[in-house]
Amino acid sequence: GFIDPNGKLVITPQFGKSSSFSEGLAQVQVGVKFGYIDVGGNMMITPHFDEANGFSEGLAAVCIGQKWGYVDNTGAFMIPPEFDFAGEFNEGLAPIALALDRERGTANWGYVSKAGLLAIKPQFSQARSFSDGLAAVEVGNTRDHPAGWGFIDKIGRLVIPASFSWVESFSEGLASAMTVNGRGYIDKTGNWVIQPMYSNAGEFSGGLAAVQIGNGGKYAYIDKQGN
C-alpha cells in the first residue's frame with residue numbers, strides 16, 4: 001500500500017509488489033501480473049505485464065514473455081516488445097539489450113530512441129542511462145579483453161576511455177570512478193578532479209557528495225574541490 005508524507009495510509013495494502021510513483025503512476029503486482037495505478041489507487045493500466053518499470057519521459061519499460069518494450073500512460077505499446085532487457089529513458093534515449101545469452105549472462109547493449117529506432121547499435125557488455133549528456137558503458141568483459149568502464153556521447157563515441165573498474169553516472173559535472181587505488185571523481189574529459197582515495201563515493205547533489213574513508217570507515221561529505 002501507500003502512505004502520504006504524514007504517514008497516513010492513503011492506498012490500502014493489497015498488492016504483491018509496488019513501486020514508488022513516477023509521472024503520476026506506480027507499477028503494482030496483482031497475482032503474477034503487473035499494471036499501474038494512479039495516486040488515488042485507481043487501476044489505470046490493467047495488470048497484464050510479466051514485469052514492469054517506472055515511467056520516465058512519458059514511457060515505461062514492460063516485459064511480456066521474455067521481451068521488453070515501452071508503453072505510454074494508457075498502456076499502449078509505443079515501442080514493441082523486442083528487446084532482451086530495457087532501461088529507462090533519459091535525455092531522449094534508453095539502454096536496451098539484444099543477443100542475450102542466458103547461460104553466460106551476457107548481452108549486447110545499445111540505445112533506442114523514443115521513436116523506437118536504434119540510435120546507438122548494441123555493442124557494449126553493460127550500459128546505463130544518459131546523464132549530463134554522457135552514458136556509462138562497460139567495454140570488453142571477455143577472456144581476451146578485460147572489462148572496463150567509460151563514457152559515450154549521444155552518437156556512441158567513447159569520449160572517456162573504458163579504463164575504470166567501475167563508474168557512476170555524471171551528476172553536477174562529476175562522476176564517481178574507481179581504480180585499484182579506490183574511488184574518486186572525474187570530469188567530462190576523464191581527468192581526475194578528486195583523486196581516488198575513498199572506499200565509497202556517491203553522486204553529487206546540491207554541491208556535496210557522501211564519501212567513505214577506509215573499508216568500514218565513517219562517512220563524510222565533500223564539496224567539488226574535495227574539501
Side-chain angles (χ1 to χ4, degrees), residues 5 19-23 53-57 61 85-97 105-112 119-120 122-143 145-227:
S19 73
S20 299
F21 279 89
S22 60
E23 300 186 3
N53 292 336
F55 276 86
S56 178
E57 298 189 358
F85 289 110
E88 72 174 26
F89 273 93
N90 203 29
E91 299 183 8
L93 297 174
I96 53 86
T106 60
N108 293 328
W109 285 84
Y111 292 82
V112 67
I120 300 173
Q123 58 192 287
F124 308 109
S125 49
Q126 293 190 64
R128 302 213 194 100
S129 296
F130 274 87
S131 176
D132 281 4
L134 299 176
V137 296
E138 185 186 46
V139 178
N141 202 18
T142 66
R143 179 179 300 176
H145 298 89
W149 284 86
F151 290 86
I152 60 169
D153 63 15
K154 289 188 177 179
I155 60 174
R157 296 179 304 184
L158 193 65
V159 295
I160 298 178
S163 58
F164 306 102
S165 53
W166 184 259
V167 296
E168 300 292 346
S169 296
F170 272 93
S171 177
E172 299 185 4
L174 297 178
S176 172
M178 185 170 70
T179 69
V180 293
N181 296 320
R183 298 177 189 245
Y185 293 87
I186 59 172
D187 62 18
K188 289 186 178 181
T189 68
N191 292 320
W192 291 105
V193 175
I194 300 173
Q195 292 296 316
M197 64 181 81
Y198 305 110
S199 54
N200 277 302
E203 293 185 356
F204 274 92
S205 177
L208 298 175
V211 296
Q212 184 183 31
I213 302 172
N215 291 324
K218 301 290 186 180
Y219 278 86
Y221 286 91
I222 60 171
D223 63 18
K224 292 184 180 179
Q225 288 72 49
N227 301 312

Q: Could you tell me whether the side chain of Glu23 and the main chain of Glu57 form a donor-acceptor pair under 3.5 Å?
A: yes
Q: Answer yes or no on whether Arg128 is positioned over the face of Trp149, meaning its NZ or CZ is under 6.0 Å from the six-membered ring centre and within 45° of the axis.
A: yes
Q.
Under a 3.5 Å cutoff, is there a donor and acceptor pairing between the side chains of Glu88 and Ser129?
A. no
**Q.** Closest non-hydrogen atom pair, Tyr111 against Ala127
**A.** OH-CB, 3.3 Å
Q.
Please evaluate residues Phe151 and Val167 with respect to the criterion side-chain contact (heavy atoms from CB on, under 4.5 Å), reporting the C-alpha separation (whole Å), side-chain torsions for both, the decisive distance (0.1 Å), and the verdict.
A. CA-CA 9 Å; Phe151 290 86; Val167 296; 3.8 Å; yes
Q) Roughly how far apart are Phe204 CZ and Leu174 CG, rounded to 0.5 Å? A) 5.5 Å
Q. Ile160 and Lys188: which non-hydrogen atoms are nearest, and at how many Å?
A. CD1-O, 3.6 Å
Q: Indicate the ring-plane relationship of Phe164 and Trp192, choosing parallel, tilted or perpendicular according to the 30° and 60° boundaries.
A: perpendicular
Q.
Would you say that Ser165 contacts Val180 through its side chain, given a criterion of any heavy-atom pair below 4.5 Å between the two side chains?
A. no
Q. Is the distance between the ring centroids of Phe89 and Phe130 under 6.0 Å?
A. no
Q) Roughly how far apart are Arg183 CZ and Trp166 CH2, rounded to 0.5 Å? A) 8.0 Å
Q.
Testing the basics here: between Gly156 and Ile120, what is the closest heavy-atom pair and its distance to 0.1 Å?
A. N-CD1, 3.6 Å
**Q.** Nearest non-hydrogen partners of Ala201 and Ser176, listed with the distance
**A.** O-OG, 3.0 Å
Q.
With side-chain contact (heavy atoms from CB on, under 4.5 Å) as the criterion, how do Tyr219 and Val211 come out once you've worked through the C-alpha distance, each side chain's angles and the decisive distance to 0.1 Å?
A. CA-CA 5 Å; Tyr219 278 86; Val211 296; 5.8 Å; no
Q. Quick one: CG on Asn90 to OG on Ser56, what's the gap to the nearest 0.5 Å?
A. 5.5 Å
Q) Quick check: does any side chain N or O of Asn108 sit under 3.5 Å from a backbone N or O of Phe124, one acting as donor and the other as acceptor? A) no
Q: Report the distance from atom CE of Met178 to atom CD1 of Ile186, rounding to the nearest 0.5 Å.
A: 12.5 Å
Q. So, for Tyr185 and Ala209, which heavy atoms are closest and what is the spacing to 0.1 Å?
A. OH-CB, 3.4 Å
Q) Does any N or O in the side chain of Ser22 come within less than 3.5 Å of the main-chain N or O of Gly54, such that one atom is a donor and the other an acceptor? A) no
**Q.** Partners meeting salt bridge (charged side-chain N to carboxylate O under 4.0 Å, His left out) with Lys154 (sequence neighbours left out)
**A.** Glu91
(Q) Please report the interatomic distance CD1(Ile194) to CG(Asp223), rounded to the nearest 0.5 Å. (A) 7.0 Å
Q | Nearest non-hydrogen partners of Asp153 and Leu134, listed with the distance | A | CA-CD2, 4.0 Å
Q: Please tell me if the side chains of Tyr198 and Ile213 come closer than 4.5 Å, counting only heavy atoms from C-beta onward.
A: yes
Q: Determine, using ring centers only, whether Phe21 and Phe55 are less than 6.0 Å apart.
A: no
